[in-house]
Amino acid sequence: MYRSHTCGELRPSSIGQTVTLSGWLQKSRDLGGMTFIDLRDRYGITQLAFNMDEDAKVCEEARKLGREFVLQIEGEVIERSSKNTKIPTGEIEIRVSKITVLNGSKTPPFTIENETDGGDEIRAQYRYLDLRRNPVQQKLLLRNKVALETRKYLDTLGFLDVETPILIKSTPEGARDFVVPSRMNEGEFYALPQSPQTFKQLLMVSGFDRYYQIVKCFRDEDLRADRQPEFTQIDCEMAFVEQEDILTTFEGMIQHLFSEVRGVELDATFPRMTYAEAMEKYGSDKPDIRFALEFVDLNSAAKGKGFGIFDEAEQVLAINAQDCAGYTRKQLDKLTDWVKRPQIGAKGMIYLKCNEDGTYKSSVDKFYSQENLAEWAQVANAKPGDLLLVLSGDLEKVRKQMGELRLHMGDELGLRNPNVFKPLWVIDFPLLEWDEETNRYHAMHHPFTSPKPEDMNLIDTDPGKVRANAYDLAMNGVELGGGSIRIHDRELQARMFDLLGFSKEEAEAQFGFLMSAFEYGAPPHGGLAFGLDRLVATMDGAESIRDYIAFPKNNRGRDVMIDAPSPLNEEQMKELGIKKL
RNA sequence: GGUCUGGUAGUUCAGUUGGUUAGAAUAUCGCCCUGUCACGGCGAGGGUCGCGGGUUCGAGUCCCGUCCAGACCGCCA
């Protein structure tokens, strides 16, 4: 028996008991006549006490032990004479009678404590050591709890967990595929799934009715703090449902998760907003609605007054930063520099200070009278003391820029409280998106998304205007998940592929299996998928998903601990029929 | 593909206008210390200043290239 208790469970009620504990030596404090050791495991820390007067031999042994040694100790639970109120086991300690060193340890490259001295790089390289730290373990515990509650909720509703293959077929739509060479079929490749999309649709055709899977997906695209090459989806699909059924079902799931895992009760029904409205008011398809700062259209108030930049702009937009009229020249210059960074790409920024005395001060006073400026303020609903920030340019660009500025101001003004959670369904996404580079439409969601029936008349005349039965769940400016009602009709699916520029032959070669399946009684169906990593990070008020993945990859897609990817040897290459260019 | 920030002791960082032997904290090691829990005191060891080239009497510092890390843009149905 390695242990009778964990390092987190002993309390004064156990005083007098003889116990056996196993764990890691986190820290020892040698006071000369006595030595204290913090013994750590996943459950907590228990202090071991050694005294030269009581047991010189064991005390001498204890003084020789280094950090991260794996110890088994035996001893008596005693009351501390000086208690530590900061930890749950702080009222007791162990008077140790026997130490067994189960394993020694080199001095770790960084301290294994809640507040480590190690930076990101060294911790990534020694991820197994970083994972010993309590705050990191807590994050994986949270993830476990979210996954468990997800299964509970979906299971209760009759969802079936069905596994789908990982070695599948590369398709041209969407993200770049990770590919796997096939030894038995020389010169041919599998692809790893970007999502189990087509398989879950086939399961609907098979009559499984309600499917879910917590499943790895793979996309070979450049990474971000919230994007990993392999990530986990809560993937769901339902048959005989309309969009409304799906939204309410998964609204319920998110509410369940927040309630069970975080003790947070979300809105009883999540607000909904069309894609068009989200773009118009927030310049984003995943608006952070924890705060307002909504866009104000200044076109009619600001154009045609002789200020060339505005006159020539397609769109003049403002946001009203309330009570910010006191911003200094320096602060405004800093904001201007911020929007002019290449990543934002604005040419400049105009401001309007609504002074407390009712006058207006702007950076374009030359072109506008006080009356003109009063009109801006009125359109923006600005009161004395407020500050308008104004950008102009092409509609799409200026919305995007203003969207970034809005989030930046939200950060600066402390309006993005990580303990406030504001879900939002964004609905009525466009079916198609024009791709400037390839000069064709591509599916905004994916090629299996059904158009809205009432927009079907536009599909030949103005396909870009067709809206889809597609929806995203945004929360705090993060896209947590999304889905759609799917096409279940062979002819419509074929029409979609045609719109996307596939020839009949290509469509048949790539997705023939799906269209064939639709010929055998495919039920109406739809679904969605949540990004588990993002969901967990968002629930924890964090932006980077890396901390919530046990063994994440860095921003170049490398695992710096195992040093992957790595070259193959000649023999393997030959066997796979692959040659390096 | 691009933009920005960084790379100096095991670790986290400082290093002034280009100028003597590159510092601090922490970790490690040694000695002292009987109630610590960020223990304390004294002392010691520890450096390819990412790498390559250039400018200069002289480069951690300036220039060019390159590698690595992080954030972002493009990209991510």
Side-chain angles (χ1 to χ4, degrees), chain A residues 26-39 45-54 56 59 63-64 66-68 78-87 89-91 93 106-126 129 171-177 194-195 197-198 217-229 231 337-338 340-345 400-401 404 408 429-433 435-437 441-449 468 470 472 479 482-484 496 500 529 531 543-544 546 554-556 558 560:
Chain A
Q26 172 147 324
K27 190 159 215 177
S28 66
R29 291 175 291 278
D30 183 352
L31 272 62
M34 50 194 322
T35 291
F36 298 99
I37 286 178
D38 289 339
L39 193 70
I45 286 177
T46 298
Q47 176 166 283
L48 313 178
F50 303 86
N51 194 312
M52 283 305 260
D53 290 345
E54 291 170 11
C59 196
R63 292 169 76 164
K64 293 194 190 102
R67 278 163 53 205
E68 299 307 311
I78 58 173
E79 186 176 8
R80 288 203 201 183
S81 60
S82 26
K83 297 183 172 48
N84 182 352
T85 54
K86 290 179 198 159
I87 60 172
T89 61
E91 290 183 61
E93 64 193 4
K106 285 167 69 172
T107 303
F110 50 90
T111 58
I112 314 291
E113 291 176 47
N114 291 2
E115 301 285 333
T116 182
D117 64 356
D120 294 338
E121 208 173 332
I122 195 89
R123 286 190 289 125
Q125 196 185 331
Y126 295 91
L129 294 182
T171 56
E173 273 284 318
R176 215 172 277 121
D177 285 316
Q194 297 173 30
S195 85
Q197 183 60 38
T198 49
C217 302
F218 307 86
R219 293 177 192 177
D220 187 10
E221 296 293 345
D222 286 3
L223 308 175
R224 294 286 186 276
D226 64 348
R227 268 162 37 188
Q228 284 273 302
F231 61 99
D337 288 343
W338 190 86
K340 283 164 81 174
R341 288 182 320 146
Q343 277 87 345
I344 306 296
K400 197 157 186 223
Q401 292 162 356
E404 296 294 334
H408 182 70
F429 273 79
L431 182 68
L432 302 167
E433 201 171 26
D435 187 340
E436 296 284 351
E437 271 177 35
Y441 283 109
H442 68 230
M444 193 154 186
H445 185 55
H446 58 50
F448 318 109
T449 300
D472 272 4
E479 181 197 325
S484 61
M496 254 319 266
L500 295 171
E543 282 174 17
S544 176
R546 265 176 226 162
N554 73 7
N555 66 351
R556 297 271 301 255
R558 298 201 68 88
V560 296

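So that the names make sense, note that chain A is the first sequence line, chain B the second, and so on, each numbered from 1. These values consider heavy atoms only, across backbone and side chains, with no hydrogens, waters or symmetry-generated copies. Please read these numbers as outputs of a predicted model, since none were measured by experiment.
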> Which nucleotide in the list G35(B), U11(B), C76(B) gets nearest to the side chain of Ile122(A)?
Replying inline: U11(B)
>> Can you tell me which nucleotide in C73(B), C76(B), G35(B) comes closest to the side chain of Lys400(A)?
In response: C73(B)
>> So, does Arg224(A) get its side chain near the phosphate of G74(B), meaning an N or O under 4.0 Å from OP1 or OP2?
In response: no
> According to a strict under-4.0 Å criterion, is Arg29(A) in side-chain N/O contact with OP1 or OP2 of C39(B)?
Replying inline: yes
Taking only the [atom1] atom of each, what is the distance from [N] to [M] in whole angstrom?
N	M	atom1	value
G46(B)	A22(B)	P	13 Å
C67(B)	C75(B)	P	25 Å
G65(B)	U3(B)	P	11 Å
U21(B)	G47(B)	C1'	13 Å
U12(B)	G19(B)	P	27 Å
G60(B)	G35(B)	C1'	46 Å
A9(B)	G15(B)	C1'	14 Å
C68(B)	A14(B)	P	23 Å

> Taking the nucleotide of RNA chain B with the closest heavy atom to each, which residue, Ser28(A) or Gly32(A), is nearer the 5' end?
Replying inline: Gly32(A)
>> For Lys86(A) and Phe110(A), find the nucleotide of RNA chain B closest to each by heavy atoms; which residue's nucleotide sits nearer the 5' end?
In response: Phe110(A)
Between atom [atom1] in [X] and atom [atom2] in [N], what is the gap in whole Å?
X	N	atom1	atom2	answer
Arg123(A)	U11(B)	CZ	C1'	12 Å
Glu113(A)	U26(B)	CD	P	13 Å
Met34(A)	G40(B)	CE	C1'	15 Å
Leu31(A)	G41(B)	CG	P	13 Å
Gln47(A)	G35(B)	CD	C1'	8 Å
Gln125(A)	G70(B)	CD	C1'	16 Å
Glu543(A)	C72(B)	CD	C1'	12 Å
Glu437(A)	C75(B)	CD	C1'	9 Å

Under 3.5 Å donor-acceptor pair, [X] side-chain atoms to [N] base atoms:
X	N	answer
Asp222(A)	G74(B)	yes
Arg227(A)	C75(B)	yes
Glu93(A)	G35(B)	yes
Arg80(A)	C37(B)	yes
Gln343(A)	C72(B)	yes
Asn84(A)	C37(B)	yes

> Would you call Arg227(A)-Asp222(A) a salt bridge at under 4.0 Å N-O?
Replying inline: no
> Does the distance from a Lys or Arg side-chain N to an Asp or Glu carboxylate O, for Asp337(A) and Lys340(A), drop under 4.0 Å?
Replying inline: no
Looking at every strand, decide which applies to [X] at a 4.0 Å heavy-atom threshold: base, sugar-phosphate, or nothing.
X	value
Glu173(A)	nothing
Thr35(A)	nothing
Pro342(A)	sugar-phosphate
Arg546(A)	sugar-phosphate
Phe36(A)	base

> Are more than 12 heavy atoms from other residues, nucleotides or ligands located less than 6.0 Å from atom CD of Glu543(A)?
Replying inline: no
>> Other residues, nucleotides and ligands only: do more than 12 of their heavy atoms fall within 6.0 Å of CZ on Arg556(A)?
In response: no
>> side-chain contact (heavy atoms from CB on, under 4.5 Å), that's the test. Do Met496(A) and Leu431(A) meet it? Break it down for me.
In response: CA-CA 10 Å; Met496(A) 254 319 266; Leu431(A) 182 68; 3.7 Å; yes
Under 3.5 Å for both donor-acceptor distances, Watson-Crick or wobble: does [N] have a partner, and if so which one?
N	value
G10(B)	U26(B)
G40(B)	C32(B)
U5(B)	A69(B)

>> Tell me every residue that passes side chain to side chain contact (heavy atoms under 4.5 Å, CB included) with Asn51(A), counting only those two or more places apart in sequence or in another chain.
In response: Met34(A), Asp53(A), Glu54(A)
> Is the side chain of Gln228(A) donor-acceptor paired with the backbone N or O of Arg546(A) at a distance under 3.5 Å, no angle test?
Replying inline: no
> Hey, does the side chain of Thr111(A) reach the backbone of Thr116(A) with a donor-acceptor pair shorter than 3.5 angstrom?
Replying inline: no
> What pairs with His446(A) under ring pair (Phe, Tyr, Trp, His ring centres under 6.0 Å), at least two apart in sequence or on another chain?
Replying inline: Phe448(A)
> Any idea how Tyr126(A) and Phe110(A) line up, ring-wise: parallel (<30°), tilted (30 to 60°), or perpendicular (>60°)?
Replying inline: perpendicular
>> Each nucleotide in nucleotides 27-32 of chain B should get exactly one letter: B, S or -. Can you fill that in based on protein heavy atoms under 4.0 Å?
In response: SS----
